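Positions are given from 1 along the sequence. Only a predicted model underlies this, so the values are computations on that prediction, with no experimental measurement involved.
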Amino acid sequence: MAECTGGVRKLGSAATSGQTVAEALVNYFYNELVSDKAGTKACSLVRMFRTRAYSQLSARQKSCADSSQAAQFCFPTTKCLTLEATAGDQVEWNSVSSSRGHQAIPLPSEELVRQMPMISQLISDLGLRVSDVLEPPKDLFIGKSEEDYNIFLVPDAVGSAIIPAQDEFVVPNKIRSVLGYGGMMTTGDMFAVILFSKLKIRRDTADMFRCIALATNLAVMRFDVEPMANPIPPTLRLIKPREGSG
């Protein structure tokens, strides 16, 4: 736990953007968590997600959201769960653009989110309410410590109703446990890091990720800035007045 927390802090201080933080995080866990001295990867897949308003999505992300079953509910303020970074055993798992259905998942209402078992359980296990994720209060998660970060854990992934795509993903990739951690950022967006492990993860091991969650939040917060409410139009420039013009 101490080594991982230190590693996350280092990559956070070295990052130059929120995107590089996300990419560094998933690659760190995928490469550093091993199951033997030979360096066999312990995780089949590691991904980082965060929520964004539909209006803040890129054109590619909007296209993905628009092709989902909840496309009719995509309004500018609709929260979407976006895939920020991914690393895994298969080539296509190392590129966000290769993801077919996870680049942007609309979260239009509490009722529809509860129909997504993994996302709904993740939010609940992180100690959040779906309503807080969709419309976060202004004072949510101010001054949080590691004790405030909860952990999402499915100790037995095979046969779990929480983890979808059992025959297509869980069984063929020998996923035994799924662990997730995350929290709320100052902008009111949620972030989550999810590890699909080929080893069984115990609850006491998972609980150690509370400190890692705090370190991740500190790394993310460096680039967690509210967009300007009234940005200066790009055509405006400060013009030095001519001498004598007053």
Between [atom1] on residue [X] and [atom2] on residue [Y], distance to nearest 0.5 Å:
{"X": "Leu195", "Y": "Met48", "atom1": "CG", "atom2": "CE", "result": "12.0 Å"}
{"X": "Ile212", "Y": "Thr5", "atom1": "CD1", "atom2": "OG1", "result": "4.5 Å"}
{"X": "Glu110", "Y": "Ile123", "atom1": "CD", "atom2": "CD1", "result": "9.5 Å"}
{"X": "Phe196", "Y": "Ile201", "atom1": "CZ", "atom2": "CD1", "result": "11.0 Å"}
{"X": "Ser58", "Y": "Gln103", "atom1": "OG", "atom2": "CD", "result": "7.5 Å"}
{"X": "Ile119", "Y": "Ile194", "atom1": "CD1", "atom2": "CD1", "result": "8.0 Å"}

So, do [X] and [Y] sit near enough that their side-chain heavy atoms are less than 4.5 Å apart?
{"X": "Gln90", "Y": "Asn173", "value": "yes"}
{"X": "Asp66", "Y": "Cys74", "value": "yes"}
{"X": "Lys200", "Y": "Ser177", "value": "yes"}
{"X": "Met118", "Y": "Pro164", "value": "yes"}
{"X": "Ile151", "Y": "Arg203", "value": "yes"}

(request) Please assess Thr86 against Arg47 for the test side chain to side chain donor-acceptor pair (under 3.5 Å), listing each intermediate value before the final yes or no. (result) CA-CA 4 Å; Thr86 177; Arg47 286 186 159 173; 2.9 Å; yes
Step through the shown structure and confirm whether more than 12 heavy atoms of other residues, nucleotides or ligands are within 6.0 Å of [atom1] on [X].
{"X": "Glu111", "atom1": "CD", "answer": "no"}
{"X": "Glu3", "atom1": "CD", "answer": "no"}
{"X": "Arg202", "atom1": "CZ", "answer": "no"}

Tell me whether [X] shares a hydrophobic cluster with [Y], the cluster being built from Ile, Leu, Val, Met, Phe, Trp, Tyr side chains joined at under 4.5 Å.
{"X": "Leu57", "Y": "Leu81", "answer": "no"}
{"X": "Leu134", "Y": "Phe73", "answer": "no"}
{"X": "Ile162", "Y": "Val130", "answer": "yes"}
{"X": "Tyr54", "Y": "Phe191", "answer": "no"}
{"X": "Phe169", "Y": "Val154", "answer": "yes"}

Heavy-atom donor-acceptor pair, [X] side chain to [Y] backbone, under 3.5 Å:
{"X": "Thr78", "Y": "Phe75", "result": "yes"}
{"X": "Ser44", "Y": "Lys198", "result": "no"}
{"X": "Ser120", "Y": "Arg114", "result": "no"}
{"X": "Glu23", "Y": "Ala85", "result": "no"}
{"X": "Gln121", "Y": "Leu153", "result": "no"}
{"X": "Asn94", "Y": "Ala87", "result": "no"}
{"X": "Ser68", "Y": "Ala65", "result": "yes"}
{"X": "Thr82", "Y": "Arg50", "result": "yes"}
{"X": "Thr20", "Y": "Thr16", "result": "yes"}

Considering all heavy atoms, the nearest [X]-[Y] contact:
{"X": "Val158", "Y": "Ile175", "value": "CG2-O, 3.6 Å"}
{"X": "Ala22", "Y": "Glu84", "value": "CB-CB, 3.9 Å"}
{"X": "Asp89", "Y": "Tyr30", "value": "OD1-OH, 2.6 Å"}
{"X": "Val34", "Y": "Asn31", "value": "CG1-O, 3.7 Å"}
{"X": "Arg9", "Y": "Ala215", "value": "CG-CB, 4.0 Å"}
{"X": "His102", "Y": "Leu83", "value": "O-CB, 3.2 Å"}

(request) Could you please spell out the steps behind the side chain to side chain contact (heavy atoms under 4.5 Å, CB included) verdict for Leu33 and Cys4? (result) CA-CA 9 Å; Leu33 297 180; Cys4 281; 4.2 Å; yes
(message) Please verify the inter-ring angle class for Phe209 with Phe29; under 30° counts as parallel, over 60° as perpendicular, anything in between as tilted.
(response) tilted
(request) List for me each residue that meets salt bridge (Lys or Arg N to Asp or Glu O under 4.0 Å) alongside Lys62, sequence neighbours excluded, and say none if there are none. (result) none
(request) Identify, with sequence neighbours excluded, every residue that meets salt bridge (Lys or Arg N to Asp or Glu O under 4.0 Å) alongside Arg176. (result) none
(message) What I want to check is whether the side chains of Asn217 and Tyr181 have a donor and an acceptor closer together than 3.5 Å.
(response) no
